[in-house]
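Taking it in order: structure first as structure tokens, then the write-up.
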Amino acid sequence: MKMIVAPLLRIFFRPWIEGAENIPDEGPAIIASNHLSFSDSFFLPALMKRRVTFIAKAEYFNTPGLKGRLTAAFFKGVGQLPVDRSGVRGAGEAAIRSGIAVIDRGELFGVYPEGTRSPDGKLYRGKVGGLARVALQTGAPVIPVAMIDTEKVQPPGQVVPNFGIRPGIRIGRPLDFSRYQGMENDRFILRSVTDEVMYEIMRLSGQEYVDIYATAAKRQIADEKKKADAERRAEQRAERAAEKAAEKERQAAEKAAAEAEKAEAEKAGADGPAGGEQQK
């Protein structure tokens, strides 16, 4: 599948890659990338010179329809591993075990430290867990990676990608965390490792960094959207009420004018014949 998808991506999008020499020709490593778009899951594993095994949510493997079948076929073809995220804690432990197994085989394990796609193109706080724990338990180097402009290729919620945009992949130098080995149960150490990786990703990507989790940012954006939608609906209701009131006033004015005109006409009719009889 990779042999089919990679040439197609190169033909239609002409992606560029910097720092490919930082990916070792052999041996285990952890690829830690920012996450801007659904298309990251295609460009990154397809264009790496070695296979990168990412943990993918199970929905990508069982979504119905043609798009779902094609997505599942691609992910299976490039060796992605499905994880059921219905139980958050269980999913995290499963991801860590899977990552360690990939590293033990001498392969590349890929992870998105933010845990989800950025809702607005900014870089968000990395989640403590899979990345740092796999790195400290295995001693594998962490290679920071920045995806560039993939959110322009396929913005959130858009199915058909935009052509004519050249996305990029910028690969940094490996980070060695062997000084913390054996300290994988220290949450402060895990946070320190995660933050160091996120700093390197920020430096490579040039993204604005926001020190909250992307999931929290998505909730804030959703809440703000709901609030804006509610305010807009309230404004629309107020406008409709004002229009109805104005229409009632207009109709009342027209009715009053018609009645006044009718009264004047009746008065004129009553006065006219009487005046004529007096003249005779």
Side-chain angles (χ1 to χ4, degrees), residues 19 21-35 40-41 44-45 48-57 79-85 87-118 123-147 169-205 207 209-216:
E21 68 278 4
N22 291 320
I23 302 293
D25 292 328
E26 58 183 18
I30 300 169
I31 306 297
S33 172
N34 61 340
H35 199 7
D40 295 337
S41 299
L44 187 51
M48 290 288 99
K49 60 184 179 181
R50 292 176 58 190
R51 185 171 110 167
V52 183
T53 299
F54 276 84
I55 299 299
K57 57 184 180 181
Q80 307 311 290
L81 300 175
V83 170
D84 185 358
R85 303 197 306 179
V88 177
R89 186 175 182 84
E93 292 299 326
I96 292 169
R97 289 194 299 271
S98 297
I100 292 173
V102 171
I103 294 299
D104 287 344
R105 294 197 299 267
E107 300 173 1
L108 301 180
F109 175 61
V111 62
Y112 296 119
E114 292 167 279
T116 187
R117 281 171 279 172
S118 170
L123 184 68
Y124 287 89
R125 195 180 197 198
K127 289 192 172 183
V128 172
L131 166 65
R133 285 183 58 187
V134 173
L136 298 189
Q137 286 187 231
T138 64
V142 178
I143 302 175
V145 171
M147 304 300 295
I169 301 175
R170 188 173 287 130
I171 305 170
R173 294 181 178 179
L175 303 175
D176 180 13
F177 294 107
S178 59
R179 62 190 183 278
Y180 296 130
Q181 200 159 1
M183 305 174 72
E184 61 271 11
N185 293 321
D186 188 324
R187 190 167 181 81
F188 292 102
I189 296 297
L190 296 178
R191 170 49 59 194
S192 177
V193 169
T194 304
D195 287 347
E196 184 173 339
V197 173
M198 297 309 295
Y199 175 81
E200 288 302 316
I201 294 175
M202 179 189 69
R203 190 180 62 81
L204 292 168
S205 68
Q207 291 171 272
Y209 179 76
V210 183
D211 195 25
I212 62 173
Y213 293 120
T215 49

Check whether any side-chain heavy atom of I103 sits under 4.5 Å from a side-chain heavy atom of Q137, and report yes or no.
no
When you compare the side chain of D176 with that of P141, does any pair of heavy atoms fall below 4.5 Å?
no
Distance col, row S33:OG vs I171:CD1, nearest 0.5 angstrom, shows 9.5 Å
Nearest-0.5 Å distance, CG of residue D195 to CD of residue E200
12.0 Å
Find the distance between CD1 (I201) and CD (E114) and round it off to the nearest 0.5 Å.
7.0 Å
Residue R173 excluded, over 12 heavy atoms near CZ under 6.0 Å
no
Taking all non-hydrogen atoms of both residues into account, name the closest pair between A135 and V142 and its distance.
CB-CG2, 3.8 Å
Close side-chain approach of V193 and L175, heavy atoms under 4.5 Å:
no
Surrounding CZ of R187 (heavy atoms of other residues, nucleotides or ligands, distance under 6.0 Å), is the total greater than 12?
no
Is the count of non-hydrogen atoms from other residues, nucleotides or ligands lying under 6.0 Å from Y199 atom OH greater than 12?
no
When rounded to the nearest 0.5 angstrom, what distance separates CE in M147 from CG in D40?
4.5 Å
If you take all heavy atoms of I96 and G130, which pair is closest and at what distance?
CG1-CA, 3.7 Å
As an exercise, state the distance from OG1 of T53 to CG of L108, rounded to the nearest 0.5 Å.
8.0 Å
Apply side-chain contact (heavy atoms from CB on, under 4.5 Å) to V197 and F177, showing your working.
CA-CA 10 Å; V197 173; F177 294 107; 3.8 Å; yes
Test item: L136 and L190 side chains (from C-beta on) under 4.5 Å apart, heavy atoms:
yes
In Å, rounded to the nearest 0.5 Å, how long is the span from CZ of R125 to CG of D211?
5.0 Å
When you compare the side chain of Y124 with that of M198, does any pair of heavy atoms fall below 4.5 Å?
no
Can you check whether Q207 reaches N34 side chain to side chain, under 4.5 Å on heavy atoms?
yes
Are side-chain heavy atoms of F54 and L44 found at a separation under 4.5 Å?
yes
Looking at R170 and L204, would you say the former's side chain and the latter's main chain have a donor-acceptor pair under 3.5 Å?
yes
So does E21 pair up with K49, basic N to acidic O under 4.0 Å?
no
Exercise: identify the closest heavy-atom pair between A29 and I143
CB-CD1, 3.9 Å
Do T194 and K127 come within less than 4.5 Å of each other through their side chains, counting heavy atoms only?
no
